[in-house]
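Beneath this line is the structure, given in structure tokens, with notes to follow.
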Amino acid sequence: MVKDETGAGTVLAAGLALVMLLLMVLLLGLGQAAVAAVKAAKAADLAALAAADVYRGLLPGDPCAVAADLAAHNGAALLSCTLAGDLSVQVHVSVKTPFPWPASGTARAGPPTQGLPATGVKERG
């Protein structure tokens, strides 16, 4: 009894090509998710800074409305905006990803907390 293995290499090569294609699609999706995470962090930072300027009275308007507008201009959606008594603002934004869950970013902006130097640089005396 002789077994004919003609074409077995073709099936193996096709299977390996399919596995490689699936891995490449997964890596592409993960890369897009990483870009979305950076985009969410950037949008949160910018929205918090703008909202803090409005909250401190440096610019006119409503701090959370300005944060929502700036987040939308950067491709994100504002999830929450918290105004603190120390004139700081904390925002939480999300950005859509190719996966079922979104990327999110949180940022706080405002005056430095008490006890910390404003610039983070110590003076030499």
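Residue numbers run from 1 in the order of the sequence given.
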With a 3.5 Å distance limit and no angle check, can you tell me whether [X] reaches the backbone of [Y] through a side-chain donor-acceptor pair?
{"X": "Asn74", "Y": "Ala76", "value": "no"}
{"X": "Tyr55", "Y": "Ala84", "value": "yes"}
{"X": "Thr97", "Y": "Trp101", "value": "yes"}

What distance separates [X] [atom1] from [Y] [atom2], expressed to the nearest 0.5 Å?
{"X": "Lys39", "Y": "Ser94", "atom1": "NZ", "atom2": "OG", "value": "11.5 Å"}
{"X": "Thr82", "Y": "Gln90", "atom1": "OG1", "atom2": "CD", "value": "6.0 Å"}
{"X": "Leu18", "Y": "Leu23", "atom1": "CG", "atom2": "CG", "value": "10.0 Å"}
{"X": "Thr106", "Y": "His92", "atom1": "OG1", "atom2": "NE2", "value": "4.5 Å"}
{"X": "Leu46", "Y": "His73", "atom1": "CG", "atom2": "NE2", "value": "12.0 Å"}

Side chain proximity check, [X] to [Y], heavy atoms < 4.5 angstrom:
{"X": "Leu83", "Y": "Cys64", "result": "yes"}
{"X": "Pro98", "Y": "Gln32", "result": "yes"}
{"X": "Val91", "Y": "Val89", "result": "yes"}

If you compare all heavy atoms of [X] against all heavy atoms of [Y], which two are closest, and at what distance to 0.1 Å?
{"X": "Pro111", "Y": "Ser88", "answer": "CD-N, 4.3 Å"}
{"X": "Ala48", "Y": "Ala109", "answer": "O-CB, 3.3 Å"}
{"X": "Ala51", "Y": "Ala67", "answer": "CB-CB, 3.9 Å"}
{"X": "Val66", "Y": "Ala50", "answer": "CG1-CB, 3.8 Å"}

Worksheet item: Hey, are Asp45 and Arg108 close enough for a salt bridge, meaning a charged N less than 4.0 Å from a carboxylate O?
Response: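 Looking at Asp45 and Arg108, the cut-off is not met.
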
